[in-house]
Amino acid sequence: MSVTQRTQVAIIGAGPAGLLLGHLLHRHGIDSVILEARTREYCEARIRAGVLEHGTRELLIEAGVGEGLQRDGLVHSGIYLRFDGETHHVAMDELTGGRVVTVYGQTEVVKDLIAARLASGAALGFDAEDVRVEDVAGPEPIVRYRQNAVEHELRAAFVAGCDGFHGVCRALIPADVLRVSERSYPFAWLGILADVAPSTDELIYARHDRGFALHSMRSPTLSRLYVQVSPDEDLDAWPDDRVWEELAIRLQADGWSLNTGPVREKSITPMRSFVAAPMRWGRLFLAGDAAHIVPPTGAKGLNLAVADVAVLAEALVEHHVSGTTTGLDAYSDHVLRRVWRAQHFSYWMTTMLHRDPHDDGYGAELARSQLRYVCSSTAAATALAENYVGLPFDRAPVTRA
């Protein structure tokens with residue numbers, strides 16, 4: 001048995017990029033089908049990024065999916081930089097004309113977008129097996145997949161590859177066309193999610209001789225913390241007591257103490273930078289992790305995905321309304337400018353705050369010098385703040401038609 005279907009946009013991947021793109025298109029009457037290889041339960045349980053840029057927050061609210069983040073999100077106007085036993089506050093709102101960030105987990109963003117998609121009645125298919133995309137350079141791409149033992153053929157005008165770094169879409173761009181730039185870092189993050197009230201009102205980024213540490217949070221009762229480890233670290237070598245002890249050492253400051261509590265989740269995340277270009281081939285458009293990865297230090301991964309689909313949605317709406325391909329033709333070059341700005345910021349934050357295990361001391365002194373400059377120069381602090389809260393989206397608002 002087989003089923004044949006048609007849609008305007010086939011979206012591969014039900015992460016934040018794919019779900020938000022489908023939602024924005026639906027608000028303009030553009031039909032799309034979202035396909036996801038994983039289960040709904042898996043998608044709604046993944047613990048990922050948690051800091052939303054100012055523009056990301058505004059777009060989600062504008063698109064009608066911001067009720068949860070407005071209710072439960074933690075608005076932060078600054079961050080703390082901690083090094084050499086001292087704590088310095090970067091007041092981002094004062095340096096950027098009132099722009100801030102919101103701590104609201106990617107898990108919650110995905111839940112909100114899935115709920116909105118299901119409420120709309122638009123197509124969202126989980127457990128899509130053996131997804132194959134064909135003829136993206138032709139006039140009508142075809143997506144084949146299997147679901148509940150039934151073979152499906154989905155014909156579309158366009159395909160959006162929002163299927164992450166390990167997805168099938170990026171490989172559709174010919175090898176002699178695709179340009180890949182990447183860098184792996186000699187360290188990783190060991191992260192924990194703990195049922196304990198945060199020990200800080202805003203994120204703490206700490207550089208220590210033993211390595212980097214970050215104190216973040218997800219709610220008034222849920223803390224997210226990280227320590228720098230080696231990429232091949234054995235997670236079993238880090239029982240909860242050792243993690244808390246190391247966090248206390250690296251985050252230590254006079255008059256401050258670390259709250260500890262039950263650890264709900266523990267994982268190790270490698271650090272890498274990756275960009276694939278172009279992000280468009282024929283009728284295929286890449287968005288989010290399918291095209292670029294950043295180290296999490298600058299909190300840019302989720303926000304870049306949102307910025308990508310904001311531009312892509314606008315271009316698809318423009319094509320739907322007027323038939324013009326101007327926005328679609330410019331998509332890759334347009335979004336890659338922002339991608340590379342975020343790549344540089346993430347690289348800069350990462351090298352400034354982490355201990356390089358191969359460093360002979362020269363790099364450590366450069367990092368300390370940079371941190372001192374950021375904490376003593378309004379110009380340097382403003383550059384950090386502008387990039388951290390997110391540069392304004394270079395797009396027209398995507399609202400209900």
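Residues take their numbers from the sequence shown, with the count starting at 1.
Remark: E94 engages no residue in a salt bridge (Lys or Arg N to Asp or Glu O under 4.0 Å) (not counting sequence neighbours). Listed by chain and residue number, R71 satisfy the side chain to side chain contact (heavy atoms under 4.5 Å, CB included) test with E67 (two or more places apart in sequence, or in another chain). Looking at residues two or more places apart in sequence or on another chain, you find a side-chain hydrogen bond (donor to acceptor under 3.5 Å, both in side chains) between R210 and E246. Take R283 and apply the salt bridge (Lys or Arg N to Asp or Glu O under 4.0 Å) test, not counting sequence neighbours, and it matches no residue. Annotation: side-chain hydrogen bond (donor to acceptor under 3.5 Å, both in side chains) contacts of Y226 (sequence neighbours excluded): R224. Every residue meeting the side-chain hydrogen bond (donor to acceptor under 3.5 Å, both in side chains) condition with E153, not counting sequence neighbours, appears here in chain and number order: R144, R155. Taking the side-chain hydrogen bond (donor to acceptor under 3.5 Å, both in side chains) definition, one finds that T200 meets it with nothing, sequence neighbours left out. A search for side chain to side chain contact (heavy atoms under 4.5 Å, CB included) contacts involving S230 returns D232, E233, not counting sequence neighbours. Listed by chain and residue number, nothing satisfies the salt bridge (Lys or Arg N to Asp or Glu O under 4.0 Å) test with R242 (two or more places apart in sequence, or in another chain). For E86, there are no salt bridge (Lys or Arg N to Asp or Glu O under 4.0 Å) partners, not counting sequence neighbours.
The shortest heavy-atom contact between A63 and L24 is CB-CD2, 3.8 Å. Nearest heavy-atom pair across L391 and R338 is O-NH2, 2.7 Å. A pairwise comparison of heavy atoms in V131 and V168 identifies O-CG1, 4.0 Å as the closest pair. Nearest heavy-atom pair across P231 and A188 is CA-CB, 3.9 Å. The two atoms that bring L316 and I30 nearest to each other are O-CD1, 3.9 Å, heavy atoms only. Closest heavy-atom contact between L19 and A14: CD1-O, 3.2 Å.
Using a 30° and 60° split on the angle between ring planes, H88 and F83 fall in the parallel class, below 30°.
Between atom CZ of residue F158 and atom CD1 of residue I11 there is a gap of 12.5 Å, rounded to the nearest 0.5 Å. To the nearest 0.5 Å, atom CD1 of residue I34 and atom CG of residue L124 are 5.5 Å apart. Taken to the nearest 0.5 Å, the OH atom of Y205 stands 12.5 Å off from the CG atom of L251. Here the straight-line distance linking atom CE of M279 with atom CD1 of I173 works out to 9.0 Å at 0.5 Å rounding. With values rounded to the nearest 0.5 angstrom, S216 atom OG is found 4.0 Å from L203 atom CG.
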Inset, instruction - List the steps, then state whether ring-ring contact (aromatic ring centres under 6.0 Å, His included) holds for Y80 with H215. - result: CA-CA 10 Å; Y80 296 105; H215 191 321; over 10 Å; no
Inset, instruction - Test side-chain hydrogen bond (donor to acceptor under 3.5 Å, both in side chains) on E202 and S77 and set out the steps. - result: CA-CA 8 Å; E202 294 178 333; S77 59; 3.2 Å; yes
Inset, instruction - Go through the steps for F212 and F187 under the test side chain to side chain contact (heavy atoms under 4.5 Å, CB included), then give the verdict. - result: CA-CA 10 Å; F212 169 78; F187 36 76; over 6 Å; no
Legend entry - Worked verdict on S273 versus Y185 for side chain to side chain contact (heavy atoms under 4.5 Å, CB included): CA-CA 8 Å; S273 299; Y185 297 85; 2.8 Å; yes
Inset, instruction - Run the numbers on R117 and E36 for salt bridge (Lys or Arg N to Asp or Glu O under 4.0 Å), then give the verdict. - result: CA-CA 13 Å; R117 183 73 177 184; E36 169 58 48; over 6 Å; no
Inset, instruction - Go through the steps for E129 and Q147 under the test side chain to side chain contact (heavy atoms under 4.5 Å, CB included), then give the verdict. - result: CA-CA 6 Å; E129 302 176 319; Q147 191 176 46; over 6 Å; no
Legend entry - Audit row: D240, K266, salt bridge (Lys or Arg N to Asp or Glu O under 4.0 Å) steps and yes/no: CA-CA 9 Å; D240 296 356; K266 191 186 305 177; 2.7 Å; yes
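Side-chain atoms of R264 never come within 3.5 Å of backbone atoms of L193 as a donor-acceptor pair (strictly under, hydrogens ignored). Remark: side-chain polar atoms of D93 are not paired, donor with acceptor, to backbone N or O of G78 under 3.5 angstrom. Within the 3.5 Å criterion, the main-chain N or O of V9 finds no donor-acceptor partner in the side chain of S32.
A salt bridge links R280 with D329: the closest approach of a Lys/Arg side-chain nitrogen to an acidic carboxylate oxygen falls below 4.0 angstrom. The pair R368-D84 meets the salt-bridge criterion, since a charged nitrogen lies less than 4.0 angstrom from a carboxylate oxygen.
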Going by atom type alone, with no hydrogens or angles, which donor-acceptor pairs under 3.5 Å involve a side-chain atom of residues 292-308 and a protein atom two or more places apart or on another chain?
unit_1	atom_1	unit_2	atom_2	d
H292	NE2	D308	OD2	2.6
T297	OG1	T350	OG1	2.7
K300	NZ	E53	OE2	2.8
K300	NZ	N387	O	2.9
K300	NZ	Y388	O	3.1
N303	OD1	E53	N	2.8
N303	OD1	T56	OG1	2.7
N303	ND2	V51	O	3.0
N303	ND2	A299	O	2.8
D308	OD2	G288	N	2.9

Residues 99-113, side-chain donor-acceptor partners within the protein, below 3.5 Å, at least two apart:
unit_1	atom_1	unit_2	atom_2	d
R99	NE	G390	O	3.4
R99	NH2	G390	O	2.8
T102	OG1	R57	NH1	3.2
Y104	OH	D112	OD2	2.7
T107	OG1	R46	O	2.3

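Side-chain atoms of R341 and H344 form a donor-acceptor pair, as typed in the model, at a separation below 3.5 Å. For the 3.5 Å distance criterion, the side chains of S322 and T324 fail to qualify, holding no donor opposite an acceptor.
Taking the side chain as every heavy atom from C-beta outward, R40 and I114 approach each other to under 4.5 Å. Between P198 and N259 there is no side-chain heavy-atom pair separated by less than 4.5 Å. Using a 4.5 Å heavy-atom threshold, the side chains of P141 and L284 count as separate.
With a 6.0 Å radius and a threshold of 12 heavy atoms from other residues, nucleotides or ligands, W244 has its CH2 atom above the threshold. Heavy atoms of other residues, nucleotides or ligands lying less than 6.0 angstrom from CZ of R272 number more than 12. Residue Y347 places its OH atom among 12 or fewer non-hydrogen atoms of other residues, nucleotides or ligands, all under 6.0 Å distant.
Figure legend: R82 and W256 shown as a cation-pi pair, the cationic atom lying under 6.0 angstrom from the six-membered ring centre and within 45 degrees of its axis.
If you run side-chain contact (heavy atoms from CB on, under 4.5 Å) between I79 and each of I204, L384, V389, only L384 comes through.
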